[in-house]
Amino acid sequence: MITITHYLVFSALLFCISVAGIFINRRNILLLLMSIELMLLSINTNFIIFSHYSNDITGQVFVFFILAVAAAESAIGLAIIVSLFRLKNSLDIDTISNLKG
Amino acid sequence: MIINNITMSIMYFIPEIFLFIMSMVILLSGIFQISKNYIFHLTLISIISALIMSYNYQVSDSLILFGSSIIKNSTTEFFEYICYIIFLIQIIISKDYLKNRNLLSGEFYSLLILALLGCFIIISSNNLIILFLGIELSSLSLYSLIALNRYSVISSEAAIKYFVLSIIASAIMLFGFSYLYGITNTLVISDIVSFSYSNNSSNLYLLSYVLIFIGIAFKFAVAPFHMWLPDVYEGSPLPVTNFISSIPKIAFFVIVFRFLDDNSIIANENFSKLLLFLGVFSIIVGNLFALVQKKIMRMLAYSGIANSGFIFLAFFSATNHNFSVAGFYVLSYSITIVSAISIITFLSSQKFDLVYINDFKGFSAKSGYLSFLIMITLLSTAGIPLTIGFYAKYLVLDALVNKDLVFVAVIVVLMTVIGLYYYLRVIWFMFFETNYNSLLNISGKFSIFVLSIIPALILIIFLLPDNILKYIFYILT
């Protein structure tokens, strides 16, 4: 029997994996965008589970807004990454180190 | 009063809708040859008319619009007026700077107005969806504004750093929202707050508040969540830095007020320990790191981290129905930092960028009046008497001592004294060194007049702080 606890643990694990993906990843900026998407999706599962178990539709409405905002965020993130790639010819995270101090 | 009717609700939301329409008009008018030269005037006119409109639609009592998702009362109006005035000063000062760097375009002002609109939505939101959309509207516009100067490596780098860390902050906050929704089954903030008094209020409620406040700490740049702030201050164009440093802070103060006021969690020992730790740690980190900085914007960033720590200490010392100390601190800090960054923008509005603190050497020989203005604003951020910053810091320390936390108060005072060094170094450079830098811009009578408004306010408010404090107390209840 799968209860609400299992779902909640699942989405919390997804969230932790994506946070770890952002902080451990030392290679590519594009992987950062993927981790960010995963992070927002784990929040979506959380909302859907709560909405399902309490018979309340507003949580699912929130999910649509998060999906739309996540799409807008990846669009802007890709635009910034393109402009950075034009200047540096590399997507390596270690080369992004002009700002220090 | 609750208004569920949509047409009636729109009546009270006209200033925000007008701002949105004007941002689109400005974006379009940047394309055509005829209107290209009038973008700045159009922006100025639309902001002033939005200010007049929101003054005309002033509400007497609290209004809840669009089915309890927007709230309009004297609190939101007061903070919106402050944002309008700060924004006006910022765009008037930054015109020449943008013109000389080919950034004066339709999209710049359009995005800046959208970021302002996002902050207004944050201020007047009463629903977690609307709050999230407001946060995202303002931060999405700010990412693109930082990266707008696309030939600059440091701008793109600052944009990607701000992008990643800001999304992590929003995601942590959203994770907290999802648990809040699961416990309370509602997305309306006022219901969530009143839920804290019911018997079902559990540890999960505390956990979701902690997650939300970690997100807010990211946005306030409180240590240990401060890594992005110095890079963003250094990398972004100065007018954008000016915006980031002040208006979002005011908006997030209102959100913290809405989440914590009339909430039993404020008396929770563990939660207030978190606020105390964040505040003290941030004051220590900010002041110590600012000592070794060579660039003026990085120094101001670390001093901003220290001041955010004071804001969190003010949240810590707040009790139900008494957020006036925090409100006073946020207002005094944001007008002071706007004055400081506006002066730096004005000085580097010709081709030369004022980057290093050494560029201030001997500046008083070039313009005594401007160096006097810089001195007043820096002394106010440091918290020296005769300025508003002193009174704000005094109120926070007073509240700490009243809570029997003398040891913490002593640490905070020691750190502030250490912090004096880097403010006084700039003043020393200006007044007691020779060979001034002749590339700095000091011409523009109207801009100098606008720049002297805030330093004058800083000195005047010090003379009658009680009236202002009483007014803020009245506004926040």
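For clarity, every value in this text was computed on a predicted model and none was experimentally measured. Letters go in sequence order (proteins before strands), and every chain restarts at 1.
Across A:Asn46 and B:Ser178, no two heavy atoms sit closer than the pair ND2-OG, 3.0 Å. When all heavy atoms of A:Ile80 and B:Ser156 are compared, the pair lying nearest together is CG2-O, 4.0 Å. Listed here is the closest heavy atom pair of B:Ala171 and A:Leu40: CB-CD2, 4.5 Å.
Surrounding CZ of B:Arg101 are more than 12 heavy atoms belonging to other residues, nucleotides or ligands, all under 6.0 Å away. Within 6.0 Å of the CD1 atom in B:Ile6, the count of heavy atoms belonging to other residues, nucleotides or ligands does not exceed 12. In this structure, A:Phe10 places its CZ atom where only 12 or fewer heavy-atom neighbours from other residues, nucleotides or ligands lie under 6.0 Å away.
At a 4.5 Å heavy-atom cutoff, the contact between A:Leu84 and chain B is made by backbone and side-chain atoms alike. Looking at A:Ile29, only its side chain comes within 4.5 Å of chain B, counting heavy atoms on both sides. B:Tyr179 touches chain A through backbone and side chain together, each having a heavy atom under 4.5 Å away. Looking at B:Leu137, there are no atoms closer than 4.5 Å to chain A (heavy atoms on both sides), in backbone or side chain. B:Lys161 touches chain A through its side chain: at least one heavy atom from C-beta onward sits under 4.5 Å away, while N, CA, C and O do not. Residue contact with chain B, scored on non-hydrogen atoms closer than 4.5 Å, involves the side chain of A:Phe15 exclusively. At a 4.5 Å heavy-atom cutoff, A:Ser18 makes no contact with chain B through either its backbone or its side chain. Contact of A:Phe85 with chain B is not made at all, since no heavy-atom distance falls under 4.5 Å. Only the side chain of B:Ala147 comes within less than 4.5 Å of a heavy atom of chain A; its backbone N, CA, C and O stay farther away. At a 4.5 Å heavy-atom cutoff, the contact between B:Leu128 and chain A is made by backbone and side-chain atoms alike. Within the 4.5 angstrom heavy-atom criterion, no atom of B:Ser139 approaches chain A. Residue A:Ile4: no heavy atom, backbone or side chain, is found under 4.5 Å from chain B. Interface remark: B:Leu187 contributes side-chain atoms only to the contact with chain A (heavy atom separation under 4.5 Å). Contacts between B:Glu136 and chain A at a heavy-atom distance below 4.5 Å involve the side chain alone, from C-beta outward.
Expressed to the nearest 0.5 Å, how far CZ of A:Phe50 lies from CG of B:Asn185 amounts to 9.5 Å. To the nearest 0.5 angstrom, B:Ser144 atom OG is 4.0 Å from A:Ile76 atom CD1. Taking CD of A:Glu73 as the start and OG of B:Ser170 as the end, the distance is 6.0 Å to the nearest 0.5 Å. With values rounded to the nearest 0.5 angstrom, A:Phe62 atom CZ is found 8.0 Å from B:Asn127 atom CG. The structure places CG of A:Leu32 at 8.0 Å from CD1 of B:Ile168, a figure rounded to the nearest 0.5 Å. Here the CZ-OG distance, from B:Phe175 to A:Ser11, works out to 5.0 Å after rounding to the nearest 0.5 Å.
Ranked by heavy-atom pairs shorter than 4.5 Å toward chain A, the options B:Leu140, B:Leu133, B:Ile154, B:Ile146 are led by B:Leu140.
Proximity of A:Phe64 to B:Ile129: side-chain heavy atoms (C-beta onward) are nowhere separated by under 4.5 Å.
A ring-centre distance under 6.0 Å is not found for B:Phe132 and A:Phe65.
Counting only N and O atoms by type, the side chains of B:Tyr181 and A:Asp56 include a donor and acceptor under 3.5 Å apart.
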